[in-house]
Amino acid sequence: MPYHSHFTSVSSVISVAEQFMAKALPKRSENYSEWYNEIVKRADLAENSAVRGCMVIKPYGFAIWEKMQRALDDMFKATGHQNAYFPLFVPKSFLEKEEEHAEGFAKECAVVTHYRLKANPEGGLMVDPNAKLEEELIIRPTSEAVIWNTYKNWIQSWRDLPLLINQWCNIVRWEMRTRLFLRTTEFLWQEGHTAHATEQEAVEETERMLGVYATFAEDWIALPVLKGLKSPNERFAGAIETYCIEALMQDGKALQSGTSHFLGQNFAKAFDVKFVNKENEQEYAWATSWGVSTRLMGALIMAHSDDQGLVLPPKLAPIQVVIIPIYRSPEDLVTISEAVAPIVEELKASGISVKYDDNDNQRSGWKFAEYELRGVPIRLGLGMRDLEAGTVEVARRDNLSKESRPLEGIADHVKTLLNEIQVNIYQKAFKFREDNTYRVDTWDAFKDQIEKGGFIMAHWDGTAETEEKIKEETKATIRCIPLDAVEEVGKCIYSGADSKMRVVFARAY
RNA sequence: CGGGGCGUAGCGCAGUCUGGUAGCGCGCACGGUUCGGGACCGUGAGGUCGGAGGUUCGAAUCCUCUCGCCCCGACCA
């Protein structure tokens, strides 16, 4: 058979299969990244927009982000921070002031050069060449520059410190390639920017906020994270030290999920932010900045979801419980609805978000599949048979189990079960990380393991050259130097030079 | 910027090689039968085939130019 016709027959078989399989997701084991893209779209979280590299976050996805925001914002407030808002535009001259910072972000900035359009003689609109800005405006890739330029006016005395500010906003980084939630040209985040009187205070703040991120990741996203320091190569542009939380995704790749930077006096010096200390001496303020972004949505999806769709931790699920009536006649539906009403009330009174889906357009089987795809933690199914028996079917999304329970006391059971699911999801992810963390001592074993994925704990000689070589040869990067690393004498996996502790390597998003 | 692919109904695609009435599935609307894991039957609406120019009696199909998107690399939270 000639190659050409062979090819044709294969592709037609695939297209027939796809027609039958139209409703199933791609499997993680077969094509992880396609599985991810499909979940994002099919669970109605986000979609690509008409604007290159920019996403539309859809209501269901945004509801999850809002829950994350709420929880994080409460934690920021509890640690003494206030929200404020700074401009979207950063004059180029501001960005230039901190040299390393400028260099680090220069290659990915969107630049505004004009302020007016005019009618194009050939139709449509054109940039008005007479409306050129005297100074270009950069769309913020991060706000250190504009914020420290402002802090100059806010800080005079040690009494003005610490200054603890957070901002929720959008930023733009002109990345070459984008993926929904994981890397988009525009994304949403929060950025905390604090100023302190002493180095020690600033370092404490940096570590405190890293702790907040780790707690949020573990308690809310049910995502176990490693806390650590970035190697100098991976440091934020302009930082003295970058702390991070690193998580392991189901395909064995790492995802940096949050960063907290100790900026020293770099920005205070660049923007001339001085204060008078108690001894009446002029001193530069000490800075931190820290942020998490909509990338956390990507972490949430990739950490827990399965081949049936999204799996949401109850604490972040927009709908925690869905109740589905199973009926034939309209009369049956009325009867079931009457039985469901008090349950809905009781759950709502306990602060549980519950949806009773009595939509008549879809059948129950369709709804089961749909809510599984959307990751709703608990589903209650209630039919006439149940009413007669005084039971309800309780289905868990995390382990796909189902059981029949007495209708009596079901609200209490649901409350308990939501907590149980939250814990179970975390433990599952924790076990996955443990099972996929390897101590490796030889270069051959390293190269072998990096192909299989996971976190690799290995010795490193501490040099940027070695780090760079390892990246070139294996695409693995140092994800972090764990904060809880124990001293251990060893030899660098690559150079054989002396090393005092193991660091974490992985391929990353 | 290098390599590959794709623009045809809201979505997913066939048709292009070999020019001749623009199709299929899903979704949507209406009617009916169904209903404990993504139901079925019937009827119907929906298209400047990415754009511009050219060849031709005739272009989704051939030629030229152009715009856009996706995937793989370099960059990155």
Side-chain angles (χ1 to χ4, degrees), chain A residues 4-5 8 11-12 14-16 18-25 31 33-34 37-38 41-42 47-54 104-109 122-123 141-142 171-191 213 230 233-234 236-237 242 244-247 254-261 289-299 308-309 324-330 332-333 336 360-373 379 381-387 389 391-393 395 400 402 404 471-472 475 477 508-509:
Chain A
H4 179 77
S5 58
T8 305
S11 55
S12 65
I14 289 169
S15 77
V16 168
E18 277 172 352
Q19 278 172 23
F20 281 110
M21 300 298 290
K23 282 172 180 167
L25 282 172
N31 190 338
S33 75
E34 198 187 327
N37 289 337
E38 281 298 305
K41 284 178 208 153
R42 300 263 296 276
E47 62 189 29
N48 279 310
S49 72
V51 184
R52 185 214 312 253
C54 298
F105 283 102
K107 286 169 294 181
E108 52 190 45
C109 287
E122 287 159 31
T142 179
I171 63 177
V172 166
R173 294 183 188 175
W174 212 269
E175 305 290 353
M176 304 289 187
R177 289 189 55 218
T178 60
R179 291 192 69 191
L180 292 169
F181 291 121
L182 297 174
R183 190 181 308 107
T184 46
T185 301
E186 177 193 16
F187 58 96
L188 306 183
W189 79 345
Q190 59 68 219
E191 47 181 330
Y213 288 157
K230 281 293 181 194
N233 269 359
E234 303 271 329
F236 176 76
T242 288
C244 65
I245 52 172
E246 289 284 330
L255 184 72
Q256 179 174 307
S257 306
T259 48
S260 185
H261 315 290
S289 70
W290 27 274
V292 294
S293 71
T294 36
R295 176 178 258 199
L296 286 178
M297 294 285 294
Q308 328 306 320
I324 296 174
I326 298 151
Y327 62 95
R328 297 186 187 192
S329 69
D332 288 354
L333 178 59
I336 294 167
D360 196 37
N361 296 333
Q362 261 90 34
R363 298 160 82 242
S364 52
W366 190 92
K367 292 175 187 173
F368 293 170
E370 186 65 13
Y371 289 105
E372 265 163 26
L373 185 60
R379 181 186 75 233
L382 203 64
M384 294 306 282
R385 263 191 255 153
D386 287 300
L387 283 191
T391 59
V392 57
E393 185 186 72
L400 293 169
K402 286 190 289 197
S404 190
K471 187 176 177 182
E472 273 170 32
K475 292 183 189 164
T477 51
Y509 277 95

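None of these values were measured; they are calculated from a predicted model. Side chains included, hydrogens not; waters and symmetry mates left out as well; all remaining heavy atoms used. The chains referred to below are lettered A, B, ... by the order of the sequence lines, with proteins before strands, and numbering in each begins at 1.
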Atom pair CH2 (Trp290(A)) and NE2 (His261(A)), whose distance is rounded to the nearest 0.5 Å: 11.5 Å

Counterpart base for rA60(B), defined by Watson-Crick or G-U wobble contacts under 3.5 Å: none

Side-chain touch Gln256(A)/Tyr509(A), heavy atoms, less than 4.5 angstrom: no

Non-hydrogen atoms of Leu255(A) and Gly298(A) that approach each other most closely: CD2-C, 4.4 Å

What does the list of N/O pairs under 3.5 Å between the protein and nucleotides 4-7 of chain B look like, with a distance for each?
none

Toward the 5' end of RNA chain B, by each residue's nearest nucleotide, Glu234(A) or Leu387(A): Leu387(A)

Residues forming a salt bridge (charged side-chain N to carboxylate O under 4.0 Å, His left out) with Glu246(A), sequence neighbours excluded: Lys230(A), Arg479(A)

Sugar-phosphate only, base, or nothing, as touched by Thr259(A) at under 4.0 Å among non-hydrogen atoms: nothing

rG36(B) base / Lys402(A) side chain donor-acceptor hit below 3.5 Å: no

Polar atom pairs (N or O), protein with nucleotides 73-75 of chain B, under 3.5 Å:
{"from": "rG73(B)", "atom 1": "OP2", "to": "Arg177(A)", "atom 2": "NH1", "distance (Å)": "3.2"}
{"from": "rC75(B)", "atom 1": "O2", "to": "Glu175(A)", "atom 2": "OE1", "distance (Å)": "3.2"}

Value in whole Å for how far the C1' atom of rG12(B) lies from CG of Asn37(A): 16 Å

Watson-Crick or G-U wobble mate for rC6(B), both contacts under 3.5 Å: rG68(B)

Within 45° cone of Phe368(A) ring axis and under 6.0 Å: Arg379(A) NZ or CZ: yes

Thr242(A) (side chain) donor-acceptor with Phe236(A) (main chain) under 3.5 angstrom: yes

Pair partner, rC76(B) [Watson-Crick or wobble, under 3.5 Å]: none

Interatomic distance at P, rC63(B) relative to rU16(B), whole Å: 14 Å

Length of the CG-C1' vector between Asp386(A) and rC35(B), whole Å: 15 Å

rA39(B) pairs with, by Watson-Crick or G-U criteria that keep both distances under 3.5 Å: rU33(B)

Trace of the side-chain contact (heavy atoms from CB on, under 4.5 Å) decision for Leu25(A) with Leu373(A): CA-CA 9 Å; Leu25(A) 282 172; Leu373(A) 185 60; 3.9 Å; yes

Euclidean distance, atom CD of residue Glu246(A) to atom P of rC76(B) [Å, nearest integer]: 15 Å

Whole-angstrom distance between rG42(B) and rG38(B), as gauged at atom C1': 22 Å

Polar side-chain atom of Tyr327(A) near backbone of Leu382(A) as donor-acceptor pair, under 3.5 Å: no

Check: rG36(B) base within 3.5 Å donor-acceptor of Arg328(A) side chain: no

Ile324(A) side, atom CD1; Lys367(A) side, atom NZ - distance, nearest 0.5 Å: 6.5 Å

Least distance between heavy atoms, Cys244(A) atom then Thr259(A) atom: CB-CG2, 4.1 Å

Pairwise P distance, rU61(B) and rC65(B) [rounded to whole Å]: 16 Å

Nearest heavy-atom neighbours spanning Ile336(A) and Pro325(A): CG2-CB, 3.8 Å

Check: Ile326(A) main-chain N/O paired with Ser364(A) side-chain donor or acceptor under 3.5 Å: no

Sugar-phosphate, base or nothing in reach of Phe187(A), heavy atoms under 4.0 Å: base

Sugar-phosphate only, base, or nothing, as touched by Thr391(A) at under 4.0 Å among non-hydrogen atoms: nothing

Sugar-phosphate only, base, or nothing, as touched by Leu182(A) at under 4.0 Å among non-hydrogen atoms: base

Integer-rounded Å distance: rG37(B) P and Phe368(A) CZ: 7 Å

Interatomic distance, Asn48(A) CG vs rG10(B) P [rounded to whole Å]: 19 Å

Touch class at under 4.0 angstrom, heavy-atom based, for Lys41(A) against every strand present: nothing

Derivation of the side-chain contact (heavy atoms from CB on, under 4.5 Å) call for Lys107(A) and Trp174(A): CA-CA 8 Å; Lys107(A) 286 169 294 181; Trp174(A) 212 269; over 6 Å; no

rC26(B) to rU66(B) separation - C1' atoms, rounded to the nearest Å: 33 Å

Touch class at under 4.0 angstrom, heavy-atom based, for Arg385(A) against every strand present: base

Distance between C1' atoms of rG46(B) and rA22(B) (Å, rounded): 13 Å

Closest heavy-atom pair and its distance - Glu393(A), Asp386(A): N-OD1, 4.2 Å

Pairwise P distance, rG50(B) and rC6(B) [rounded to whole Å]: 13 Å

Leu373(A), nearest nucleotide to its side chain (from rC70(B), rG36(B), rG38(B)): rG38(B)

Nearest-Å distance once atom P is located in both rA9(B) and rA60(B): 14 Å

Proximal nucleotide (of rG36(B), rG37(B), rG38(B)) relative to the Arg42(A) side chain: rG38(B)

Under 3.5 Å: donor-acceptor pair, side chain of Glu175(A), backbone of Thr184(A): no

Whole-Å distance separating the CD atom of Gln308(A) from the C1' atom of rG37(B): 12 Å

Distance in angstrom units between Lys230(A) NZ and rC76(B) P, rounded: 12 Å

Side-chain heavy atoms of Ile171(A) within contact of Pro141(A), under 4.5 Å: no

With 3.5 Å as the limit, what N/O pairs link the protein to nucleotides 29-31 of chain B?
none

Check: Asn37(A) side chain, Glu34(A) main-chain N or O, donor-acceptor pair, under 3.5 Å: no

Pairing partner (Watson-Crick or G-U wobble, both distances under 3.5 angstrom) of rU18(B): none

Table of protein N/O atoms under 3.5 Å from nucleotides 39-46 of chain B N/O atoms:
{"from": "rA39(B)", "atom 1": "OP2", "to": "Arg363(A)", "atom 2": "NH1", "distance (Å)": "2.5"}
{"from": "rA39(B)", "atom 1": "O4'", "to": "Arg363(A)", "atom 2": "NH1", "distance (Å)": "3.1"}

Sugar-phosphate, base or nothing in reach of Arg179(A), heavy atoms under 4.0 Å: nothing

Base rG38(B) paired with Gln362(A) side chain (donor-acceptor, <3.5 Å): no

Any strand: nucleotide that pairs with rG46(B) via Watson-Crick or wobble, under 3.5 Å: none

With sequence neighbours excluded, residues passing salt bridge (charged side-chain N to carboxylate O under 4.0 Å, His left out) with Glu108(A): none

C1' gap between rC69(B) and rG25(B), integer Å: 23 Å

Counter-base of rC24(B), judged by Watson-Crick or G-U geometry with both distances under 3.5 Å: rG12(B)

